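The model shown is predicted, which means the values in this text are computed figures rather than measured ones. Chain letters run A, B, ... following the sequence lines, proteins first and then strands; every chain starts at 1.
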There are 2 protein chains.
Amino acid sequence: MSTDALIEQLLAAPPEVGRSVVEALHQLLDDSMLDADDDAPRSVAEAAALVGLTAHTLRYYEQQGLVRPARSPSGHRLYRAADLRRLVFLTRMRLSGMTMHDLTRYVRLVEQGEHTVDERRRIMLEQRERILRRMRELSLALEVTEYKIELYGGSSGA
Amino acid sequence: MSTDALIEQLLAAPPEVGRSVVEALHQLLDDSMLDADDDAPRSVAEAAALVGLTAHTLRYYEQQGLVRPARSPSGHRLYRAADLRRLVFLTRMRLSGMTMHDLTRYVRLVEQGEHTVDERRRIMLEQRERILRRMRELSLALEVTEYKIELYGGSSGA
DNA sequence: CTAGAAGTTCGAGCGCGCTCGAAGGCAAGC
DNA sequence: GCTTGCCTTCGAGCGCGCTCGAACTTCTAG
């Protein structure tokens, strides 16, 4: 995904939710930093901070086969730009509700090479359906929620 | 929420996702049936079928204080229209990511009467933020997903 | 050289929201 | 009246995705 697209996402965010603009900016920042390809490898804690996960979780993801950072001679993990980009991808997909199971399956396919693109596309098509479905569920709930808010005197606290 | 609003939701759903229109219609149907106020009380299994949960889950919700159906002389649960409407509300909010904890807190407030509307509004305002935030996360993931689909030859399977 | 921070592996534990099964009671059709 | 099936309560179990702690090693600042 391009940084431009991310910026558009940012701008598309409704203005009344100030707090999360900061957060979105943070995400944007992540991507920029990753794109900057300043190829000093990061430690597990640094990588975790950049993508907004814990070091524990990064090790867990590795154990699950989602990412495979290089190692220093002494065995410490070295996260490079490509690893960080993958982590951002993983985080986005996890946040959208893709299960660990599907994600590991997908990553395995990616690592098996080009002949797996058919199945990869199938996975992503299914994932798109799930996302759209979740969005419709959220719309429904948003409506209920706003109805209740109105009922209780509106956002203003009147 | 009005049935009209639900119909609008339905129509607003993108046309390419045929399968879930059926599902949305099902939800709509639920509401109509509940609104029909055909006041024959339903058994736990009937109620479960109507709202799309299991009988086990309905009993669990009751145990958590989310709903309190009347009982027959012999102790069987009797779900009336009002109970079913509450169940639909609960289901929507659960699907939108509201936790059991927040939902029980909210329901407790409702049952405590009018003097709790301030806190109820606060809960719903927070919930709205969470929903909007989730929607933005989903948009981000949707974009990644569609990018991958395009990369793999598009929806058509080309 | 040394203290302390941060890294490693491993396996156990946890919070959430159900989900299930056992043991027994009630209801409706034949 | 009996059979069949749904109802009741209760407590245990489960799947997911982390999350944590122990025990040990390595790096870094002073």
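- Regarding B/Tyr60, its OH atom lies at a distance of 18 Å from the P atom of D/dT8, rounded to whole Å.
- Contact check for B/Arg108 versus B/Gln112: side-chain heavy atoms found under the 4.5 Å cut-off.
- Closest to the A/Val44 side chain, of the nucleotides D/dT8, C/dG17, C/dG7, is C/dG7.
- Taking atom CG on B/Leu78 and atom P on C/dA27, their separation rounds to 11 Å, with Å as the unit.
- B/Arg92 places no side-chain N or O within 3.5 Å of a backbone atom of A/Thr145 that could act as its donor or acceptor partner.
- For B/Leu58 and D/dC7, the CG to P distance is 11 Å, given to the nearest whole Å.
- Residue order along DNA chain C, read from the 5' end via each residue's closest nucleotide, puts A/Arg71 first among A/Arg71 and B/Thr54.
- A 4.5 Å side-chain heavy-atom check between B/Leu125 and B/Glu129 finds every atom pair outside the cut-off.
- Nucleic acid contact class of A/Ser43 (heavy atoms, under 4.0 Å, all strands): sugar-phosphate only.
- Residues from residues 97-108 of chain A placing a heavy atom under 4.0 Å of any atom in DNA chain D, listed by number, are A/Thr99, A/Met100.
- In this structure, the CG atom of B/Leu87 is 15 Å from the C1' atom of C/dC18, given to the nearest Å.
- Between A/Tyr61 and D/dC18, a side-chain N or O to OP1/OP2 separation shorter than 4.0 Å is present.
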Are any protein N/O atoms closer than 3.5 Å to N/O atoms in nucleotides 10-12 of chain D? If there are, list each pair with its distance.
none

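- A donor-acceptor contact shorter than 3.5 Å is absent between the side chain of A/Arg42 and the backbone of A/Arg77.
- Each of C/dA27, C/dT19, D/dT9 was ranked by its minimum atom distance to the side chain of B/His76; first place goes to C/dA27.
- The pair A/Arg105-A/Glu119 meets the salt-bridge criterion, since a charged nitrogen lies less than 4.0 angstrom from a carboxylate oxygen.
- For B/Ser72, no side-chain nitrogen or oxygen approaches OP1 or OP2 of C/dC26 to under 4.0 Å.
- Annotation: side chain of B/Met100 is in contact with side chain of B/Tyr60 (closest heavy-atom distance under 4.5 Å).
- Nearest to the side-chain atoms of A/Arg77 among the listed nucleotides C/dT9, D/dC27, D/dC18 stands C/dT9.
- Between the P atom of D/dT19 and the CD atom of A/Glu62 lies a distance of 18 Å, rounded to the nearest Å.
- Figure legend: B/Lys148 and A/Tyr106 shown without cation-pi pairing, the cationic atom not lying both under 6.0 angstrom from the six-membered ring centre and within 45 degrees of its axis.
- In this structure, A/Glu46 atom CD and D/dT28 atom P are separated by 10 Å, rounded to whole Å.
- Summarising the geometry, the separation between CG on A/Leu66 and C1' on D/dG17 is reported as 11 Å, rounded to the nearest angstrom.
- Spacing between atom CD of A/Gln63 and atom P of D/dC20 amounts to 17 Å, rounded to whole angstrom units.
- Counting only residues at least two apart or on different chains, the side-chain hydrogen bond (donor to acceptor under 3.5 Å, both in side chains) pairs with a member in residues 94-103 of chain B are B/Ser96-B/Gln127, B/Asp102-B/Arg130.
- Within the 4.0 Å cut-off from OP1 or OP2 of D/dC18, at least one side-chain nitrogen or oxygen of A/Arg94 is found.
- Partner of B/Leu58 under the side-chain contact (heavy atoms from CB on, under 4.5 Å) criterion, out of B/Val67, B/Leu87, B/Leu90: B/Leu87 alone.
- B/Arg133 and B/Glu137 are joined by a salt bridge, as a carboxylate oxygen and a charged side-chain nitrogen come within less than 4.0 angstrom of each other.
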